[in-house]
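Hydrogens, waters and symmetry mates play no part in the numbers below; they use all other heavy atoms, side chains included.
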Amino acid sequence: MKFTATSRSVQGSSASRRLRRAGRVPAIVYGGKGDALSIELDHNEIFHALRKEEFHASVLDMELDGKVQNVLLRAVQWHAYKPQVLHVDFQRVSADQAITTKVPLHFKNEDVSPAVKLQGAKITTVANEVEITCLPKDLPQFIEVDLAGLEAGGVFHLSQLVAPAGVQFVVIGDDPVLASASAEVAADNTENGESAE
């Protein structure tokens, strides 16, 4: 994905307020071989880009003053109650240097799992993203979690997930739970005097 940025020479809170009033967003890009650089973005362009999942988990092409740099989105500051982006942080990436970032999890096949189909259980997803390390070329936009084999009362751990080629999961502490299937039987089964087996 590509977006456009412009160098920003004036800094400080009053300058940032003026930028926002003009429909611009103050931002910073850091890391790599260059110095941290203050930039500004078009608010509407970045607002709509941030609504796309892939913008959060892709190597982005930032066109800055006519040159393209590869960056990752690192942080976004939103207004407390308005749909307004206040500040954005990006990190430069190099093709030959591994990056550590979080990518979304996409769960599938909950409805065909034994937990739901045969045992009337409810599956709860515990995590919606996972931290990974990889080279920029191997960065997945998302990772699928197949719950087709989950039984009632069971859990799906990160260790059960196969990482895409070139990707390593970052695990600190115990093996995280990504999803669980509660053994509660659906209330419909006990209506009209029927007992749940």
Side-chain angles (χ1 to χ4, degrees), residues 1-6 24-34 36-64 67-79 83-110 123-148 150 155-180:
M1 293 187 71
K2 190 173 184 178
F3 68 99
T4 305
T6 307
R24 308 289 290 172
V25 179
I28 190 169
V29 58
Y30 59 85
K33 297 176 182 176
L37 185 64
S38 296
I39 59 175
E40 60 181 86
L41 314 166
D42 177 77
H43 183 272
N44 288 343
E45 180 186 10
I46 200 69
F47 178 84
H48 291 294
L50 288 168
R51 299 178 70 179
K52 298 175 183 174
E53 183 182 69
E54 59 265 31
F55 194 80
H56 295 257
S58 300
V59 175
L60 307 170
D61 293 330
M62 178 182 72
E63 185 179 329
L64 177 63
K67 295 181 181 178
V68 175
Q69 300 182 34
N70 291 330
V71 298
L72 272 180
L73 175 67
R74 280 307 192 189
V76 182
Q77 183 184 352
W78 291 88
H79 193 281
Q84 182 183 11
V85 185
L86 298 180
H87 195 275
V88 187
D89 291 5
F90 296 99
Q91 180 185 352
R92 296 184 189 94
V93 297
S94 301
D96 58 349
Q97 290 188 338
I99 54 177
T100 299
T101 190
K102 292 180 179 179
V103 295
L105 295 173
H106 286 186
F107 294 89
K108 68 175 187 176
N109 292 329
E110 297 102 315
I123 293 180
T124 303
T125 56
V126 180
N128 57 16
E129 61 185 11
V130 64
E131 191 167 25
I132 64 166
T133 296
C134 64
L135 289 173
K137 69 179 180 62
D138 296 322
L139 179 63
Q141 289 187 359
F142 61 86
I143 294 177
E144 279 193 338
V145 182
D146 190 347
L147 299 177
L150 193 59
V155 294
F156 193 102
H157 287 94
L158 180 61
S159 59
Q160 296 171 251
L161 191 59
V162 177
V167 172
Q168 288 184 319
F169 296 126
V170 177
V171 182
I172 300 172
D174 296 333
D175 187 14
V177 173
L178 303 184
S180 64

Please enumerate all residues that pass side chain to side chain donor-acceptor pair (under 3.5 Å) together with Gln160, with sequence neighbours excluded.
none
Euclidean distance, Thr101 OG1 relative to Ile132 CD1, rounded to 0.5 Å
7.0 Å
Side chain of Asp175, backbone of Ser159: donor and acceptor closer than 3.5 Å?
yes
Least distance between heavy atoms, Val167 atom then Asp138 atom:
CG2-O, 3.6 Å
Working for side chain to side chain contact (heavy atoms under 4.5 Å, CB included), residues Gln77 and Asp89:
CA-CA 9 Å; Gln77 183 184 352; Asp89 291 5; over 6 Å; no
For the residue pair Phe3 and Phe90, categorise the inter-ring angle as parallel (less than 30°), tilted (30 to 60°) or perpendicular (more than 60°).
parallel
Who are the side chain to side chain donor-acceptor pair (under 3.5 Å) partners of Glu63, not counting sequence neighbours?
Lys2
Kindly give the heavy-atom pair with the smallest separation between Val93 and Pro136, and that separation in Å.
CB-CG, 4.4 Å
Working note: Phe55 + Val76, criterion side chain to side chain contact (heavy atoms under 4.5 Å, CB included); need CA distance, chi angles, decisive distance, verdict.
CA-CA 12 Å; Phe55 194 80; Val76 182; over 6 Å; no
What I'd like to find out is whether the side chain of Lys52 reaches to under 4.5 Å of the side chain of Met1, using heavy atoms alone.
yes
Nearest 0.5 angstrom please: Arg74 CZ to Lys102 NZ, how far?
10.0 Å
Test side chain to side chain contact (heavy atoms under 4.5 Å, CB included) on His43 and Gln84; report intermediate values, then the result.
CA-CA 8 Å; His43 183 272; Gln84 182 183 11; 3.8 Å; yes
Roughly how far, to the nearest 0.5 Å, is the CG atom of Leu147 from the CD1 atom of Ile123?
5.0 Å
Show your reasoning for whether side chain to side chain contact (heavy atoms under 4.5 Å, CB included) applies to Leu161 and Leu105.
CA-CA 11 Å; Leu161 191 59; Leu105 295 173; 4.3 Å; yes
Mind checking side-chain contact (heavy atoms from CB on, under 4.5 Å) for Thr133 and listing every partner two or more places apart, or none if nothing turns up?
Ala98, Thr100, Val170
When every non-hydrogen atom of Arg92 is compared with those of Val29, the smallest separation belongs to CG-CG2, 3.7 Å
Donor-acceptor pair, side chain of His79 and main chain of Leu86, under 3.5 angstrom
no
For the residue pair Leu139 and Ala57, what are the closest heavy atoms and their distance?
CD2-O, 3.8 Å
Look up atom CD in Gln91 and atom CD1 in Ile99, then write down how far apart they are to the nearest 0.5 Å.
8.0 Å
So, taking the atom named NZ in Lys108 and the one named CD in Glu144, what distance separates them when rounded to the nearest 0.5 Å?
4.0 Å
How long is the gap from CE on Met62 to CG on Leu72, to the nearest 0.5 Å?
11.5 Å
